[in-house]
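Quick note: numbers below take in every heavy atom, side chains included, and nothing from hydrogens, waters or symmetry partners. All figures in this text were calculated on a predicted structure; none of them were measured in a lab. In the text below, chain A, chain B and the rest are named by the order of the sequence lines, each starting its count at 1.
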Protein chains: 2
Amino acid sequence: MTIMDKLVTASEALFDRHGFTATGMDKLTQGAGISSRTLYKHAGSKNALIARVLGERDKRFARRLEVESIDALFKALEDWVRVEGARGCLFLRALGETGGDTPEIVDAVLAHKARVAERIAVLVEGETGRDDPMLVEQIIVLFEGATAAAVYRGEQAVVAARQAAASLMAGAGS
Amino acid sequence: MTIMDKLVTASEALFDRHGFTATGMDKLTQGAGISSRTLYKHAGSKNALIARVLGERDKRFARRLEVESIDALFKALEDWVRVEGARGCLFLRALGETGGDTPEIVDAVLAHKARVAERIAVLVEGETGRDDPMLVEQIIVLFEGATAAAVYRGEQAVVAARQAAASLMAGAGS
DNA sequence: TTCAATGTAAAACGATCGGTTTACACTGTC
DNA sequence: GACAGTGTAAACCGATCGTTTTACATTGAA
């Protein structure tokens, strides 16, 4: 495990549990077991570290979304919530905490959201056989809503989203 | 306009645009045009101020949700987004920034979410004539998802949520 | 065996954090 | 005309912020 891996892993957990602004550099160096000099040599700055954490999370999340149906997509989200917990979308949380004033963070968030939206668009077109932007938008909203609502309603929110998606997909025929 | 009104109004705007942790007390006093001593005499502490801001926002939001159908509920959300902008649910953002470690904030968030869920439950039962917990959960997810997705997809997310809700409500017959 | 690279620990930078305190001006009322 | 109440301005508290720096240990290759 490289220094960067240790740093990113520890940082992601700390950011996720305590927030980005509330997590100081000392907590990050302490969590990763490295000196502050090493952190800055590798990460450059706190904002760059946040952007890198988001980038790595995006990759890990995308790996989970390598499925072949909308139904499996929501099942994958259910697994994610069960394994990683439900504290809301870390990307949107980063955006909210920084007010959109940090370009590197904005870029990381938009890239992630674009990737998920594209994944959904491909799956919807694959299942329905046609380009249906409104249906795609509805699935995106359900996916986002399940992530957010799971914070205070638990897994049942994801289950409901999956069933709602199934209904909408079924009704999209012809 | 009382001191408390000025303080809460200015604080809500600052918290919403720049985040809770990133907004210092000096920005709050400066924004409200009052001294720090006056702020502490009225609000007690930063966390108490945050809780009060959330409480007032909940009231204002609830006033908007005094509608008579699920369709009107999503139209109300559309209005809200157009007027107040889409920076994500301020309650969940507060929860995320504090990691759920501040009881007064947790209470304010849960009270708000319970109120919205109850409102949705009443509307669903009023329109379908029966108690359908799964449908209620689906509408909650759509509502939450529209709020979150509007951050990066704009109003179309709310429109899609409204249409999805209409489909699900229509399919809930008997 | 010199040299650059990579790491550590720890002090220090100026700025800002949430919060308190002191000193003082203005108000309306008994 | 004393007095409590409410406000301001500003200094101050210790702590922490993100970041840089100094000084030193370890390593592997030329």
S.K.: I need the OH-C1' distance between Tyr40(B) and dT8(D), as an integer number of Å.
M.R.: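 Checked: the OH to C1' distance equals 17 Å.
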S.K.: Do the side chain of Thr38(A) and the base of dT8(C) come within less than 3.5 angstrom through a donor-acceptor pair of N or O atoms?
M.R.: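 Between dT8(C) and Thr38(A), which were checked side chain against base, a qualifying N/O pair under 3.5 Å is absent.
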S.K.: Looking at dT19(D), does its base get a donor-acceptor pair with the side chain of Ser36(A) below 3.5 Å?
M.R.: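 No, no donor-acceptor pair under 3.5 Å.
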S.K.: What is the distance from NZ of Lys41(B) to C1' of dG5(D), rounded to the nearest Å?
M.R.: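 Rounded to whole Å, this separation is 8 Å.
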S.K.: When rounded to the nearest 0.5 angstrom, what distance separates CD in Glu56(B) from CE in Met4(B)?
M.R.: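 The distance works out to 7.5 Å.
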S.K.: Quick check on contacts: within residues 18-34 of chain A, what sits under 4.0 Å from DNA chain C by heavy-atom distance?
M.R.: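 Nucleic-acid contacts, sorted: Gly33(A), Ile34(A).
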S.K.: Identify whether the distance between the nearest side-chain nitrogen and carboxylate oxygen of Arg60(A) and Glu84(A) falls below 4.0 Å.
M.R.: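 Counted as a salt bridge, because a side-chain N and a carboxylate O are separated by less than 4.0 Å.
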S.K.: Given dG19(C), dT8(C), dG18(D), identify the nucleotide with an atom nearest to the side chain of Lys46(B).
M.R.: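 Nearest listed nucleotide: dG19(C).
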S.K.: Does the plane of the ring in Phe143(B) sit parallel, tilted or perpendicular to the ring in Phe61(B)? Use 30° and 60° as the thresholds.
M.R.: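 The rings of Phe143(B) and Phe61(B) stand perpendicular, inter-plane angle above 60°.
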S.K.: Take the protein atom CD1 of Ile3(B) and the nucleotide atom P of dC26(C), then report the distance between them rounded to whole Å.
M.R.: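 Rounding to the nearest Å, CD1 of Ile3(B) and P of dC26(C) are 17 Å apart.
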S.K.: Quickly work out the Leu49(A) CG to dC17(D) P distance and round it to whole Å.
M.R.: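 Computing the Leu49(A):CG to dC17(D):P distance gives 15 Å.
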S.K.: Ignoring backbone atoms, establish whether His42(B) has a side-chain N or O less than 4.0 Å from OP1 or OP2 of dT6(D).
M.R.: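 No, outside the criterion.
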S.K.: Identify which one of Arg57(B), Arg17(B), Arg52(B) satisfies the side chain to side chain donor-acceptor pair (under 3.5 Å) criterion when paired with Glu12(B).
M.R.: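 When side chain to side chain donor-acceptor pair (under 3.5 Å) is applied between Glu12(B) and each of Arg57(B), Arg17(B), Arg52(B), only Arg57(B) qualifies.
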S.K.: Please state how far atom CG in Leu39(A) lies from atom P in dA9(C), giving the value in whole angstrom units.
M.R.: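 Result: 13 Å.
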S.K.: Does the Lys46(B) side chain pair with the main chain of Phe20(B), one donor and one acceptor, at a distance under 3.5 Å?
M.R.: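 Present.
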S.K.: Who else is in Met134(B)'s hydrophobic cluster (ILVMFWY, side-chain heavy atoms under 4.5 Å, direct or via others)?
M.R.: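 So far as hydrophobic clustering goes, Met134(B) is joined with Val159(A).
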S.K.: Do Arg37(A) and dT6(C) share a donor-acceptor pair, side chain to base, under 3.5 Å?
M.R.: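 Result: no qualifying N/O pair found.
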